[in-house]
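One structure below.
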Amino acid sequence: MKKSLSLFAGAALATAMASTAAADTFVYCSEASPEGFNPAFYTSGTTFDASSRTMFNRLVEFERGGTAVVPGLAETWEISDDGLTYTFNLRENVKFHARSDFRPSRDFNAEDVLFSFERQMDEGHPFHGISNQDYAYFGYMGMADAIESITAPDDSTIVFQLSAPNATFLANLAMDFASIHSAEYADAMMDAGTPNQVDITPIGTGPFILAQYRKDSVIRYVRHNAYWEGAADIERLVFSITPDASVRYAKLRAGECHHMVYPNPSDVQAMQDDPNINVLSQPGLNVGYLAFNTQKAPFDNDLVRQALNIATNKEAILDAVYQGAGQVAKNPIPPTMWSYNENVVDYDYDPEYARQLLAEAGFPDGFETDIWAMPVQRPYNPNARRMAELIQADWAAVGVDAEIVSFEWGEYLQRTQDGEHETMMLGWTGDNGDPDNFLNTLLGCQAAETGGNRAFWCDEEFNSLVDQALRTPVTEERTALYEEAQVVFKAAAPWITIAHSVVFEPVRPEVQGYVMSPFGSHSFYGVSLAD
């Protein structure tokens, strides 16, 4: 049975479900269902597209199409000379969403910021455990340790006191997990005895209001007419959930959707030749990788991890899976990111040497393992199943017999976060333009404890370098530390770094004003449809 969520009744729902052929309705062919609608719980771009990027705002935002931090729900801010105190002056006259089941009695204020952050950082907060979910990013990034206190001197001011200088803190507040919820709505749902509704059907300040959700089928939004930046040009936004890239392409050609994500690489040339499709593209701020679970034998052995790096033909993967739309990865951060270490030497493909290393590690006859493959296309991996098959064949050639495993996307993410895998494929698109967002969030010891580090690799030298970089305000000094950390990472080989992809986004020619994001997100505020 498919889950269905309907939030509007009568004429409002009829409006939300109007024909997708209407000129004021924008249809986005997305690749999967979101895990939920509270972005504080998750790390998937699929979920953020459906929640934080449509329904919410943050104190600060990233500029459209860029990485610069700009005002959001905070109009201005000041940072103390010692880097420990951040004072935000909040925007006035910001309206929350109004629905048939909740109508706010007040505008956004400091109480909502306190609620949104204290819920994540304070285990004693009445809403901390309501939905029995981890606060993924808050944990991965060590935010509870970074923030000493949050106070509200008045309704228009929020003050963060940090425990130590943090060079990424401002950019972190522009990330999806820092979306601001309605504290008044939370109180109302607690009084009604349904507190988990704040996560199932959240109330935000963003440009669109959630109207209906049918799992694995469709999400419908209506325009927030009282949006503080001005009402969106499109009245209705529809996510047509379409896991198969070929079907998304067919819908795009037929005019059933205006925008699709993650086309099959083999279809891109035909799309570029089609006058009824515009193909936007840019180098991705991303990396696709295979992580070894370093807490499980034999992947607790550096030689085994190095051997399987050497046994994997990444050039063949680039040709077969990415079809040339990208480049082989040697570092865990993309080459477009500052502090990328050009001097790191990658592992050469050499099956014979891989067999020698396996024998040296005590596995002359190989061993059995698994390869967990994602069930969905992502910007960093257009065909995980095909990639897994290629890696499986490469490893078999050196005596390692690997079974391919997969699950539904949400379950896949949860099981790998729990460490059930021996090896698994995933990737990352940067959230804030800072190397820390890759090196610390994906590979730090804090993230190994909370599951963001799917290799569960905790190296004291590496962790010390990225931790020192986080507390260093001078970019040149941070760069040197991150360059050294990449050398440590490569020698330990907790991942096979596979590729950095080019991202393609096909749209219909009537789409006006859409801007690609360096973070791989998809936001439709500012978009219109030509007649």
Side-chain angles (χ1 to χ4, degrees), residues 39 43 45 48 52-53 58-72 77 79 83-84 86 136-143 145-147 160 162-179 282-287 289 329 331-342 344 379-380 427-447 450 452-453 462-489 495 497 500 503 517-521:
T43 63
F48 293 156
S52 46
R53 294 160 189 167
R58 289 143 293 282
L59 289 174
V60 292
E61 309 273 358
F62 293 112
E63 65 178 349
R64 291 186 71 213
T67 61
V69 174
V70 298
W77 56 88
I79 305 172
L84 295 178
Y86 286 67
Y137 263 118
F138 213 80
Y140 297 171
M141 300 168 68
M143 293 295 285
D145 293 331
I147 300 171
F160 288 83
L162 305 189
S163 57
N166 186 317
T168 67
F169 185 71
L170 189 65
N172 289 347
L173 294 186
M175 291 169 57
D176 302 85
F177 80 93
S179 296
Q282 66 182 15
L285 194 72
N286 63 38
V287 63
Y289 63 85
N331 290 323
I333 64 175
T336 53
M337 177 166 277
W338 63 271
S339 83
Y340 180 84
N341 192 338
E342 292 282 2
V344 166
Y380 47 74
W428 193 254
T429 299
D431 291 297
N432 63 14
D434 195 284
D436 178 81
N437 184 241
F438 285 77
L439 300 176
N440 203 358
T441 303
L442 304 181
L443 292 160
C445 291
Q446 177 81 31
T450 54
N453 179 344
F462 177 91
N463 204 70
S464 176
L465 289 165
V466 297
D467 189 59
Q468 186 179 346
L470 183 65
R471 288 160 173 71
T472 301
V474 181
T475 301
E476 291 78 6
E477 295 176 9
R478 294 186 72 203
T479 295
L481 292 164
Y482 288 137
E483 287 177 344
E484 188 176 350
Q486 290 166 72
V487 174
V488 175
F489 163 85
W495 291 358
T497 50
H500 309 292
V503 178
S517 165
F519 306 125
S521 61

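What you see is a predicted model, and the numbers here were worked out from it, not measured in a lab.
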### Message
What verdict does the side chain to side chain contact (heavy atoms under 4.5 Å, CB included) test give for I147 and F138, after you've listed the backbone C-alpha separation in whole Å, the side-chain angles of each residue and the deciding distance to 0.1 Å?
### Response
CA-CA 11 Å; I147 300 171; F138 213 80; 4.2 Å; yes

Locate the shortest heavy-atom distance separating [X] from [Y]; write the atom from each residue and the value.
X: Y482; Y: D434; value: OH-OD1, 3.9 Å
X: T472; Y: R478; value: O-CD, 3.0 Å
X: N437; Y: D431; value: OD1-N, 2.7 Å
X: E483; Y: Y340; value: OE2-O, 4.3 Å
X: N286; Y: H500; value: O-ND1, 2.7 Å

### Message
Could you walk me through whether I333 and V287 satisfy the side chain to side chain contact (heavy atoms under 4.5 Å, CB included) test, starting with their C-alpha distance in whole Å, then the side-chain angles of each, then the deciding distance to 0.1 Å, before giving a yes or no?
### Response
CA-CA 7 Å; I333 64 175; V287 63; over 6 Å; no

Taking C-beta and beyond as the side chain, do [X] and [Y] meet within less than 4.5 Å on heavy atoms?
X: E61; Y: V69; answer: no
X: Q446; Y: D467; answer: no
X: L439; Y: F462; answer: yes
X: W428; Y: T441; answer: yes
X: P332; Y: L442; answer: no
X: N331; Y: N341; answer: yes
X: I79; Y: F169; answer: no

### Message
Please determine whether side chain to side chain contact (heavy atoms under 4.5 Å, CB included) holds for the pair F519 and F62, giving the CA-CA distance in whole Å, both sets of side-chain angles, and the decisive distance to 0.1 Å.
### Response
CA-CA 10 Å; F519 306 125; F62 293 112; 3.5 Å; yes

### Query
Do any N or O atoms from the side chain of D176 and from the backbone of S52 form a donor-acceptor pair under 3.5 angstrom?
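Side chain of D176 to backbone of S52: no pair is present.
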
### Y289 and W495 aromatic ring geometry - parallel, tilted or perpendicular at 30°/60° bounds
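W495 and Y289: parallel rings.
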
### Message
Can you confirm whether the side chains of R58 and S179 place a donor and an acceptor under 3.5 Å from each other?
### Response
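Yes, a side-chain donor-acceptor pair sits under 3.5 Å.
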
### Task
Using distance alone, with no hydrogens and no angle criterion, decide if N172 and N432 have a side-chain donor and acceptor under 3.5 Å apart.
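Checked: N172/N432 side chains pair up, N/O donor to acceptor below 3.5 Å.
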
### Task
Apply side chain to side chain contact (heavy atoms under 4.5 Å, CB included) to M141 and N440, showing your working.
CA-CA 7 Å; M141 300 168 68; N440 203 358; over 6 Å; no

